[in-house]
Amino acid sequence: MHSFFTRRPRRLAVAGLAVVAAALAGCTTAPTTVGPTGEPEPQATLRLGIPLTPENMDIRHTAGVALEQILIDNVYEGLVARTAENEIVPSLATEYEVSPDGLQYTFTLNQGVKFHGGGDLTASDVVSSYNAVREDEALRGHAELAHVVSVEAPDEHTVVLTLDAPDQNLLFWLTGPAGLVFDEGDETDLRTAANGTGPFRLDDFTKGVGATLTRFDEYWGEASGVAAVEVSYIPDPTAALNAVLDGSVDVFNRILPEFAPEIEGVNGFSVTRGRSTSEGTLAFNNAVAPFDDVRVREALRRAIDHNALVEALGGGTVLYGPVPELDPGYEDLAGVADYDPEAARQLLADAGQDDLTLELTIPNHYSTTIATYLVSAFHDIGVELKVNTVEFSTWIDDVYTNKDYQLSFVEHAEPRDFANYANPGYYFGYDNPEVQELYAEAIAAVDPAESAELIAQAARIVSEDHAADWLYVADEITAVGPGVEGFPVDSTTSRIDLSAVTLATE
């Protein structure tokens with residue numbers, strides 16, 4: 001058996017991140033005030049601004065990074081968690097063992113863990129939580145537990161998961177919505193409230209406005225560094241900039257690159273750049289014309305100069321395939337669809353598309369530079385691009401849920417999300433049996449290196465099929481105010497660990 005023991009993930013998730021932060025070079029704005037220099041105030045309230053706005057707080061039924069980044073590890077926890085380096089570590093479990101054949105996972109539970117509603121964590125809570133996901137297709141993570149055939153509690157401190165085939169990603173899935181543990185029999189309305197085990201309670205949520213987290217005094221681990229976090233949803237980029245400049249927030253997560261020079265040094269703010277697994281993805285609706293023709297998809301890809309776009313944005317790293325560098329299976333696929341407008345025009349002519357008009361659906365919290373660049377690039381190959389800018393909630397309904405779109409742009413922030421290309425039902429509408437078979441083999445491989453190689457093979461096919469265009473991997477750009485310490489620099493886990501953040505006040 002392979003054994004893994006507790007590593008206190010609450011602090012590991014942010015430890016050492018400051019050393020990889022880098023202030024933006026070339027920013028010349030002079031500071032106008034000096035920030036607090038005192039000791040962290042344990043009773044402080046952190047004011048956090050974020051661009052993504054969730055429809056509700058029901059993480060069991062509602063998809064989206066907007067929920068995960070605030071709720072996972074802060075309000076809800078699973079048996080295991082992820083560090084900023086995407087290392088799997090125990091959380092509600094003190095240790096776990098994996099059988100040599102990869103078919104059995106045995107978890108030993110922490111003792112003395114309480115839910116925010118007052119109940120004690122038991123093995124039965126884990127069994128009921130995981131069985132609910134296994135049995136209810138409407139619950140997030142249902143497909144991710146497909147290979148789990150039983151969840152049992154041989155005693156009150158032990159949980160055993162038995163699989164019908166090895167699953168290379170099982171532990172990874174258990175760090176997300178599929179693995180969250182809920183109080184058995186609890187009747188909390190998860191759309192507006194929560195009952196987790198994390199270092200913060202969810203005290204308030206107002207759709208389109210914000211949420212309030214407060215320290216949970218009976219938390220089983222280390223106490224949070226601030227007493228409360230007031231989260232403000234600010235999807236409009238200019239409003240986000242103004243919130244930083246007028247001091248309405250202490251931190252703003254995901255500032256647009258072009259605004260960084262205006263922020264650096266003003267009112268004691270600094271700007272950090274970190275790593276991410278967030279792929280800026282130009283999605284094609286493969287299931288509808290004209291995108292059911294690979295020549296059209298390739299033509300649109302060849303119209304785009306990735307380096308020029310990244311330079312125009314002021315940040316990011318070029319990407320040419322569906323796997324970012326920090327995920328297993330990454331390969332530099334730059335040569336698959338080089339920038340070549342002449343070839344793009346010929347491909348369109350071969351496809352009989354000499355007078356093509358398309359529509360791009362893009363949420364309003366992204367830089368206008370993206371749509372502006374694409375309009376120009378497509379114009380150069382004879383394609384008229386109309387831009388439909390929408391609220392993120394509208395994008396979720398129209399594009400993600402109803403698949404009513406032609407072209408779409410969003411940043412896919414979740415790590416290890418290649419499974420989307422092996423799922424014909426995903427909003428991409430991409431259906432390739434060879435890719436699906438390779439991905440299934442990758443997941444069933446017990447050896448991580450073998451699994452990564454199979455994903456790389458599948459990813460190359462996806463890129464050669466021109467299933468989408470992957471414009472860049474985003475930099476994680478955060479505006480950090482005076483007195484704030486410990487806020488994550490990187491965004492590699494699709495959640496913001498707030499437990500170790502501290503705030504010194506005047």
Side-chain angles (χ1 to χ4, degrees), residues 3-14 57 59-60 67-68 70-83 87-97 105-133 139 141 145 151-161 170-171 173-188 190 193-203 213-229 493 495-501:
S3 299
F4 305 86
F5 299 91
T6 296
R7 300 195 180 191
R8 309 300 295 173
R10 295 250 50 89
R11 294 307 189 201
L12 275 182
V14 295
M57 288 283 108
I59 197 168
R60 303 206 86 181
L67 288 176
E68 293 191 23
I70 293 300
L71 295 181
I72 297 183
D73 294 341
N74 293 315
V75 176
Y76 296 112
E77 296 174 303
L79 296 179
V80 287
R82 272 183 265 153
T83 70
E87 178 187 7
I88 309 298
V89 293
S91 181
L92 291 180
T94 60
E95 61 181 359
Y96 61 89
E97 295 181 338
Y105 290 68
T106 302
F107 299 87
T108 302
L109 299 188
N110 261 305
Q111 299 184 40
V113 177
K114 285 190 173 295
F115 287 95
H116 300 158
D120 295 320
L121 172 71
T122 66
S124 183
D125 295 316
V126 180
V127 172
S128 67
S129 297
Y130 289 7
N131 277 335
V133 175
L139 291 184
L145 298 189
V151 184
E152 300 173 312
D155 59 58
E156 61 183 0
H157 303 304
T158 307
V159 175
V160 178
L161 275 62
L170 178 64
L171 287 172
W173 299 141
L174 292 181
T175 66
L180 299 180
V181 179
F182 297 85
D183 195 359
E184 184 177 14
D186 182 58
E187 296 183 355
T188 298
L190 298 184
N195 183 17
T197 60
F200 292 99
R201 308 170 61 114
L202 175 65
D203 269 359
L213 309 181
T214 57
R215 179 188 290 135
F216 179 44
D217 291 330
E218 295 183 81
Y219 181 58
W220 61 272
E222 297 179 56
S224 61
V226 294
V229 180
T493 62
R495 71 280 313 262
I496 303 171
D497 185 349
L498 297 168
S499 65
V501 180

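Numbering starts at 1 and runs along the sequence shown. Every value quoted in this text rests on a predicted model; they were computed, and no experiment measured them.
- Here the CG-OG1 distance, from D497 to T83, works out to 10.5 Å after rounding to the nearest 0.5 Å.
- Partners of T122 by side-chain hydrogen bond (donor to acceptor under 3.5 Å, both in side chains), not counting sequence neighbours, listed by chain and number: D125.
- In this structure, the side chains of D73 and I496 stay at 4.5 Å or more apart for every pair of heavy atoms.
- Taking all atoms of both residues into account, the shortest heavy-atom contact from G198 to H116 is O-NE2, 2.9 Å.
- The side-chain contact (heavy atoms from CB on, under 4.5 Å) search around E218 returns K114, F216, not counting sequence neighbours.
- For S129, there are no side-chain hydrogen bond (donor to acceptor under 3.5 Å, both in side chains) partners, not counting sequence neighbours.
- To the nearest 0.5 Å, atoms CG (L145) and CH2 (W173) are separated by 10.0 Å.
- The closest donor-acceptor contact from the side chain of N195 to the backbone of G117 lies under 3.5 Å.
- Counting all heavy atoms, side chain and backbone alike, T175 lies closest to I72 at O-CG2, 3.8 Å.
- Evaluation of the ring-ring contact (aromatic ring centres under 6.0 Å, His included) rule for F107 yields Y96 as partners, not counting sequence neighbours.
- Separation of atoms CG (L180) and CD (E68) is listed at 8.5 Å; rounding is to 0.5 Å.
- Applying the side-chain contact (heavy atoms from CB on, under 4.5 Å) criterion to D217, with sequence neighbours excluded, gives R215.
- Closest non-hydrogen pair, L202 versus M57, comes out as CD2-CG, 3.7 Å.
- Pairing each heavy atom of T197 with each of E77, the nearest pair is OG1-OE1, 2.8 Å.
- Here the CD-OG1 distance, from E97 to T108, works out to 7.0 Å after rounding to the nearest 0.5 Å.
- A pairwise comparison of heavy atoms in V133 and L139 identifies N-CD1, 3.8 Å as the closest pair.
- Side chain of Y130 to backbone of G179: a donor-acceptor contact under 3.5 angstrom is found.
- Using a 4.5 Å heavy-atom cutoff, the side chains of T106 and T158 are in contact.
- The CG atom of N74 lies 9.5 Å from the OG atom of S224; values are rounded to the nearest 0.5 Å.
- At least one side-chain heavy atom of I88 sits less than 4.5 Å from a side-chain heavy atom of R82.
- Residues passing the side-chain contact (heavy atoms from CB on, under 4.5 Å) test with N131 are V127, R134, E135, V151, sequence neighbours excluded.
- In this structure, D186 has no salt bridge (charged side-chain N to carboxylate O under 4.0 Å, His left out) partners at least two apart in sequence or on a different chain.
- When the ring-ring contact (aromatic ring centres under 6.0 Å, His included) test is applied to F182, the partners found at least two apart in sequence or on another chain are Y76.
- Considering all non-hydrogen atoms of both residues, S91 and G78 come closest at CB-O, 3.3 Å.
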Please assess L161 against L174 for the test side-chain contact (heavy atoms from CB on, under 4.5 Å), listing each intermediate value before the final yes or no. CA-CA 11 Å; L161 275 62; L174 292 181; 4.1 Å; yes
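- Looking at heavy atoms from C-beta onward, V229 lies out of side-chain contact with I70 at the 4.5 angstrom threshold.
- Every residue meeting the side-chain contact (heavy atoms from CB on, under 4.5 Å) condition with E152, not counting sequence neighbours, appears here in chain and number order: S150.
- Rounding to the nearest 0.5 Å places CD1 of I59 at 5.5 Å from CG of L67.
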